[in-house]
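Heads up, the thing below is written out as structure tokens.
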Amino acid sequence: MSVERVALAVDADGPGGALQRLDAAGAPLGGPQRLLDAAAAVRLVEDAPAAPRWVWRNARTYRRLLAAGVTVARCHDVELVEGLLVAADGRFGAPHGIAAAAARLAGREPAADPAPEEDPEADPDRPALFAAAPRDVDPDPLGTLVAVHAEQQRRLAAQDARFRLLATAESAGGIVAEEMRAAGLPWREDVHDRLLTTQLGPRPAGFARPARLVELNEEISIAFGREVNPDSPAEVIRAFGRAGHELESTRSWLIKRIDHPAVAPLLAYKELSRLHTANGWTWLRTWVKDGRFRPEYVVGGVVSGRWATRGGGALQIPRAVRGAVRADPGRRLVVADASQLEPRILAAMAGDAGLARAGGEDTDLYAALAEDLFDGDRARAKLALLSAMYGQTSGGAGVLLGTLRRRFPAAVQFVEDAARAGEEGRLVRSWLGRTSPAARPGDEIPAAARARGRFTRNFVVQATAAEWALVLLAELRSALRRAGNPAELVLFQHDEVLLHCPDEVAEDTAAAVRRAAATAGRRLFGDSPVRFPMDARVVDGYDEKEAGAVEEVLPA
DNA sequence: ACAGACTGCGCC
DNA sequence: AAAGGGCGCAGTCTGT
């Protein structure tokens with residue numbers, strides 16, 4: 001029997017570990033093998049003609065390999081797969097760490113997953129004094145890994161091919177996330193500082209507020225005729241109240257409607273204050289080291305399967321500082337984002353022939369729809385589709401939705417079925433089988449049921465878009481490896497990827513992204529006519545827009 | 001004094 | 001009649 005997989009457990013302390021060769025079902029071939037240098041052993045096995053799929057507990061194993069300069073082609077991430085399997089069984093959010101999986105396997109009730117900080121592998125260099133209490137240390141981590149993996153292979157065999165693709169893609173996501181963190185997003189501290197200084201004034205000493213914020217605060221207070229703290233919503237509401245303007249909240253779109261001299265400086269203050277507190281000098285000092293921003297990505301960290309990040313807010317880099325993301329000398333950035341991804345996903349998964357036709361071109365789907373249905377009014381076409389996917393009905397959205405329903409009944413029916421399932425407390429699944437959380441007590445109360453309906457309505461689209469993007473990432477990574485293209489993935493943001501590469505391969509890299517997008521579409525939807533175009537541009541800075549690019553303010 | 005909820009806004 | 005999905009983060013507010 002041929003070796004298909006190799007289970008790998010690395011020691012918590014030191015470079016050693018153990019591996020176990022497995023067949024496709026996860027059954028051991030031969031005995032476990034002790035390793036003095038796990039990374040060196042992996043490199044040897046990986047360089048053999050048929051590289052196996054590595055089976056590991058989670059991506060921290062890969063972080064160790066990367067630190068030793070070793071990469072691999074494929075893996076099976078047991079903890080990520082366990083999360084998918086647990087959710088598929090209707091127990092979204094149940095513990096899915098390896099200890100919990102092992103406990104279930106032994107017929108015991110699993111304990112809660114350890115918090116990341118408690119993870120004994122989290123920081124091998126942490127002084128023993130602060131190490132987690134040595135409770136529940138597994139005496140045979142490799143044996144546990146092998147047993148849990150075999151059980152997962154059994155459960156995966158009972159699922160369909162789509163779900164197995166999801167498990168593979170999620171695991172690949174774990175690899176990509178670690179590689180992105182290792183590569184880091186190129187970040188020019190001097191450019192960032194200049195952007196901040198231009199907008200906020202010079203960097204203040206200590207904890208003082210920047211000059212521009214202090215000035216604006218004074219203008220606000222003068223306009224109100226008394227000292228007002230613009231950071232306090234309650235004070236702002238009281239101040240406007242005294243001036244005869246009743247406010248329900250201090251959201252900027254409400255303030256914008258008021259005619260009062262404090263409005264302009266207040267709005268300016270809010271915008272700049274946010275820049276200062278969220279992405280100012282403190283952020284820069286905390287998160288950027290040696291010209292790289294290295295956030296920690298949490299694969300599948302969002303219920304819909306989107307990624308989250310821990311620290312640094314990497315998925316919310318504001319436009320105001322994107323100019324600081326610049327390629328190193330001799331290198332370029334390839335910035336690629338999917339065009340109108342979610343409506344295209346809806347068209348493909350609903351099998352709506354009409355909407356698929358509108359999405360069957362590489363051109364702007366909203367514009368095509370507007371031409372066809374909304375007298376060329378792109379904004380209305382977009383609102384109609386977003387309303388269908390989010391459940392919005394206010395602001396004329398209801399009428400637009402009716403128009404959409406008459407022309408694209410299958411697409412609208414699809415999301416409304418998902419909404420009804422949610423309202424009735426049922427589970428919904430994405431195209432590949434990611435499963436929504438179960439309804440909670442109280443969700444049968446009408447208002448909560450409607451909210452859950454909006455959630456499940458959006459879930460089927462957002463989760464499928466997320467898995468399309470995941471498959472794209474996996475395809476792109478393996479295509480680059482096959483081609484020997486040294487481009488590095490450095491940022492992934494829902495429907496957008498950034499790569500950092502030598503100048504001379506930039507155009508090849510952009511082409512690879514477009515091909516990977518098409519491949520991802522085929523992997524998910526076979527011969528669906530829906531196209532998944534990506535706008536991929538080669539730039540020096542993340543803020544550079546291609547001429548004539550369509551501004552997207554709302555989700556694509 | 002501290003923790004958690006709430007608010008508001010950035011991103012998709 | 002009205003009903004807008006998913007996040008992370010910093011600051012304020014509230015409860016203990």
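Letters A, B, ... are given to chains in the order of the sequence lines, protein chains preceding strands, and every chain is numbered from 1.
- Atom CD of A:Glu423 and atom C1' of C:dA3 are 10 Å apart (whole Å).
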Item checked: Working for side chain to side chain contact (heavy atoms under 4.5 Å, CB included), residues A:Arg420 and A:Arg457 -> CA-CA 8 Å; A:Arg420 184 164 335 103; A:Arg457 168 196 294 265; over 6 Å; no
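- Here the nucleotide nearest the side chain of A:Gln392, chosen from C:dG4, B:dG8, C:dG6, is C:dG4.
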Donor-acceptor contacts, no H, no angles, side chain residues 282-291 of chain A, under 3.5 Å, sequence neighbours left out:
from: A:Trp283; atom 1: NE1; to: A:Gly312; atom 2: O; distance (Å): 2.9
from: A:Thr286; atom 1: OG1; to: A:Thr282; atom 2: O; distance (Å): 2.7
from: A:Lys289; atom 1: NZ; to: A:Arg285; atom 2: O; distance (Å): 3.0

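- Counting only heavy atoms from C-beta on, A:Pro233 has its side chain closest to B:dT7 among C:dC7, C:dG5, B:dT7.
- Here the side chain of A:Arg306 is nearest to one of C:dG6, C:dG4, C:dG8, namely C:dG6.
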Next item on the list: Tell me, with the steps shown, if A:His192 and A:Arg188 meet side chain to side chain contact (heavy atoms under 4.5 Å, CB included).
Entry: CA-CA 6 Å; A:His192 190 157; A:Arg188 285 275 298 274; over 6 Å; no
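- Both tests pass for A:Arg162 against the ring of A:Trp431: distance under 6.0 Å to the centre and angle within 45° of the axis.
- Under the 3.5 Å distance criterion, with hydrogens and angles disregarded, no donor-acceptor pair is assigned to the side chains of A:Thr519 and A:Glu475.
- Relative to the side chain of A:Val303, the nucleotides B:dC12, C:dG6, C:dG8 differ in distance, and C:dG6 lies closest.
- Ring-plane geometry between A:Trp307 and A:Phe492 is classed as perpendicular, the angle between the planes exceeding 60 degrees on a 0 to 90 degree scale with a lower cut at 30.
- In this structure, A:Tyr390 does not pack face-to-face on the six-membered ring of C:dG4, missing the 5.5 Å centre cutoff or the 30° plane limit.
- In this entry the distance linking CZ of A:Arg452 with C1' of C:dG6 reads 15 Å, nearest Å.
- Side-chain atoms of A:Arg319 and base atoms of B:dC11 include no donor and acceptor less than 3.5 Å apart.
- Backbone-only engagement by A:Gly312 is indicated by non-hydrogen atom pairs under 4.0 Å involving sugar-phosphate atoms exclusively.
- Across all strands, A:Val461 comes closer than 4.0 Å to no nucleic acid atom at all (heavy-atom distances).
- Nucleotide C:dG11 holds its P atom 16 Å from the CH2 atom of A:Trp283, rounded to whole Å.
- Note on A:Ser304: every side-chain N or O is 4.0 Å or more away from OP1 and OP2 of C:dG5.
- Contacts between residues 263-281 of chain A and DNA chain C, defined by a heavy-atom separation below 4.0 Å, involve A:Arg274, A:Thr277, listed by number.
- Note: CG (A:Asp231) to P (C:dA10) measures 14 Å, nearest angstrom.
- Residue A:Arg450 has its side chain nearest to C:dA3 when only B:dG8, C:dG6, C:dA3 are considered.
- Rounded to an integer number of Å, the gap from A:Met389 CE to B:dC12 P is 15 Å.
- When heavy atoms are screened at a 4.0 angstrom cut-off, A:Ser387 is found touching no nucleic acid atom at all.
- Side-chain contact of A:Arg306 with A:Ser304: a donor-acceptor pair under 3.5 Å is absent, judged by distance alone.
- Using a 4.0 Å heavy-atom criterion, one finds that A:Gly311 contacts the sugar-phosphate atoms exclusively.
- Remark: the A:Glu416 side chain and the A:Gln413 side chain contain no N/O donor-acceptor pair separated by less than 3.5 Å.
- Whole-Å rounding puts the A:Arg310 CZ to C:dC9 C1' distance at 15 Å.
- The phosphate of C:dT12 (OP1 or OP2) has no side-chain N or O of A:Ser232 nearer than 4.0 angstrom.
- The side chain of A:Arg251 places an N or O atom within less than 4.0 Å of a non-bridging phosphate oxygen (OP1 or OP2) of B:dG8.
- Remark: P of B:dC11 and CD of A:Glu496 are 11 Å apart, rounded to the nearest angstrom.
- Between the CD1 atom of A:Ile255 and the P atom of B:dC9 there is a distance of 7 Å, given to the nearest Å.
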